[in-house]
Amino acid sequence: MMERESNGAEAAMKVGVLTGGGDCPGLNAVIRSVVRKGIQEYGFEFVGLRDGWLGALRGTVVPLGIPEVRGILPRGGTILGSSRTNPFKHEDGVRRIQDTLTAHEVDALVVIGGEDTLGVATQLSRQGISLVGVPKTIDNDVSGTDYTFGFDTAVGIATEAIDRLHTTAESHMRTLVVEVMGRHSGWIALQAGVAGGANVILVPERPFDIDQVCAWVKSRFRINYAPIVVAAEGAVPKEGQMILKDRTLDEFGHVRLSGIGEWLAQEIEERTGTDARTTVLGHIQRGGTPSAFDRWLATRFGLHAVDAVNDGDFGMMVALRGTEIVRVPLADATAHTKLVDPSLYDEFQVFFG
């Protein structure tokens, strides 16, 4: 914590808040709880850094008080904006962030993000910037926490879509392939697929055999039912590589995924002689109002994050373990991606076909 003097007295601690990476439901709930508890219990001042690390680089800082967070609990997205900005890909990125914090007298940051945003936070923490991380992602792939907020909402949206697609698939007796998000982990595909009664679920952790997929599809048609195939965007065939429409890389080196759904539908049609269509849920999974669980979890994360700031416990991330909110080192939380355990995936193969 930095000590600042104002008219001979120690000034209130000033905390910056930023949201980085892909948006997801629940971000505003975190911002709201951080600001309300920080002001009401600890007397902190708050500012928001616009558009994630981009705002930190550009010095785009906005007021953030109780009036700014009033009424935002049920709103999707983020009132602070977001971006996929990697400061380490920008010239003098670390120095520019430090200059922004100094110019606006920001003593500490609450960084709300997924593996990339928190990975940057981990590196900045090592360079002396005081910060606390809050895990968010619809993919639920941040290590160290049982769940991230945004995931429950995304699973609910995907499950409802699968429910709706069952009826149209049955009406036309065709295969419907549902492509959901999940670059490296298949948590959305697995949970929504099971909840929605999918007949095939494909996840990045388990390369799939297209012949086996087609066999499951045929077995479904044999009993006069139309198959639903749920595929994570990062799912890959055993014989081949990730299917991509666009090979452009973002600042974290990620390609823009999408294409596995269309590829699967084409292969199923050619190999089975039956009709197949694709539905790509895409950003629908990110949008709209957060579920009750995500509002609850995001609010708890925010309350505990501001406690960590008050305690000076920097370089940590708040996390859910069972029903308790704990603090884990950011370095541990960002060391690797949390993947679907193969044994968990295997539990549900009895429903395939």
Side-chain angles (χ1 to χ4, degrees), residues 17-38 46 48-52 62 64-84 110-114 117 134-142 145-166 178-183 185 187-196 230 232-233 279-306 318-320 323 325:
V17 182
L18 68 83
T19 54
D23 69 301
C24 76
L27 286 166
N28 287 325
V30 179
I31 297 168
R32 170 181 175 268
S33 65
V34 164
V35 170
R36 289 192 60 173
K37 184 170 187 178
F46 286 92
L49 280 71
R50 290 285 311 174
D51 303 324
V62 296
L64 192 62
I66 289 178
E68 284 76 24
V69 302
R70 189 169 289 127
I72 68 172
L73 176 63
R75 285 174 55 182
T78 164
I79 62 170
L80 295 177
S82 191
S83 68
R84 296 187 184 278
V110 173
V111 179
I112 311 166
T117 300
V134 177
K136 70 87 202 163
T137 169
I138 66 169
D139 292 339
N140 197 40
D141 61 357
V142 175
T145 183
D146 292 349
Y147 287 98
T148 55
F149 67 88
F151 173 66
D152 184 71
T153 304
V155 169
I157 290 167
T159 301
E160 181 181 356
I162 295 166
D163 288 345
R164 292 176 179 274
L165 291 169
H166 271 293
V178 186
E179 182 182 308
V180 300
M181 286 188 170
R183 176 181 298 275
S185 63
W187 291 106
I188 295 176
L190 183 61
Q191 290 207 16
V194 170
V230 175
E233 61 186 353
T279 297
V280 181
L281 296 186
H283 288 81
I284 290 173
Q285 296 158 94
R286 293 191 182 281
T289 188
S291 67
F293 178 83
D294 279 339
R295 298 183 202 190
W296 173 86
L297 180 59
T299 297
R300 292 190 73 196
F301 276 166
L303 296 176
H304 284 262
V306 81
V318 293
L320 179 68
T323 60
I325 305 296

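Here the structure is a predicted model, which is why all the values come from computation and not from measurement.
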Subject >> Arg295 side chain to Pro290 backbone, donor-acceptor under 3.5 Å >> reply: yes

Original post:
Between CD1 of Ile157 and CG of Asp152, what distance do you get to the nearest 0.5 Å?
Top reply: 10.0 Å

Subject >> Ser82 (side chain) donor-acceptor with Gly22 (main chain) under 3.5 angstrom >> reply: no

Subject >> Minimum heavy-atom distance between Ala298 and Gly26, given as atom pair plus value >> reply: CB-O, 3.3 Å

Original post:
Can you tell me how far the CZ atom of Phe151 sits from the CD atom of Gln191, to the nearest 0.5 Å?
Top reply: 3.5 Å

**OP:** Please assess Phe301 against Thr148 for the test side chain to side chain contact (heavy atoms under 4.5 Å, CB included), listing each intermediate value before the final yes or no.
**Re:** CA-CA 10 Å; Phe301 276 166; Thr148 55; 5.6 Å; no

Subject >> Main-chain N/O of Trp187 paired to Asp139 side chain as donor or acceptor, under 3.5 Å >> reply: no

Original post:
What distance separates Leu281 CG from Ile162 CD1, expressed to the nearest 0.5 Å?
Top reply: 7.5 Å

Original post:
Hey, what do you get for CG (Leu49) to OG1 (Thr19), rounding to the nearest 0.5 Å?
Top reply: 9.5 Å

Subject >> Reported CD1-to-CG distance for the pair Ile31 and Leu64, which is rounded to 0.5 angstrom >> reply: 7.0 Å

Original post:
When you measure from the side chain of Asp294 to the backbone N and O of Phe149, does any donor-acceptor pair fall under 3.5 Å?
Top reply: no

Subject >> Nearest heavy-atom neighbours spanning Gly150 and Cys24 >> reply: CA-SG, 4.0 Å

Original post:
Taking Ser83 for the side chain and Gly21 for the main chain, is one N or O donor matched with an acceptor at less than 3.5 Å?
Top reply: no

Original post:
Does any N or O in the side chain of Lys136 come within less than 3.5 Å of the main-chain N or O of Pro25, such that one atom is a donor and the other an acceptor?
Top reply: no

Original post:
Side chains of Ser33 and Arg300: is there a donor and an acceptor less than 3.5 Å apart?
Top reply: no

Original post:
Hey, is the main chain of Gly182 close enough, under 3.5 Å, to the side chain of Glu233 for a donor-acceptor pair?
Top reply: yes

Original post:
Leu80 and side-chain contact (heavy atoms from CB on, under 4.5 Å): which partner among Val17, Ile112, Leu18?
Top reply: Val17

Subject >> Closest non-hydrogen atom pair between Val110 and Ala305, with its separation >> reply: CG1-CB, 4.4 Å

Subject >> Which atom of Ser291 lies closest to which atom of Thr153, heavy atoms considered >> reply: N-OG1, 2.9 Å

Subject >> Considering all heavy atoms, the nearest Val34-Val306 contact >> reply: O-CG2, 3.8 Å

**OP:** Would you indicate whether the side-chain heavy atoms of Ile325 and Leu320 approach each other to under 4.5 Å?
**Re:** yes

Subject >> Under 3.5 Å: donor-acceptor pair, side chain of Gln285, backbone of Met181 >> reply: yes

Original post:
Between Arg286 (side chain) and Asp23 (backbone), is there a donor-acceptor pair under 3.5 Å?
Top reply: yes

Original post:
Does the Asn28 side chain pair with the main chain of Arg75, one donor and one acceptor, at a distance under 3.5 Å?
Top reply: yes

Original post:
Where is the tightest heavy-atom contact between Ala154 and Ile138, given as atom of each residue plus distance?
Top reply: CB-CB, 3.8 Å

Original post:
In Å, rounded to the nearest 0.5 Å, how long is the span from CZ of Arg36 to CG of Leu73?
Top reply: 9.5 Å

Original post:
For Tyr147, does the OH atom sit with more than 12 other heavy atoms under 6.0 Å from it, leaving out its own atoms?
Top reply: no

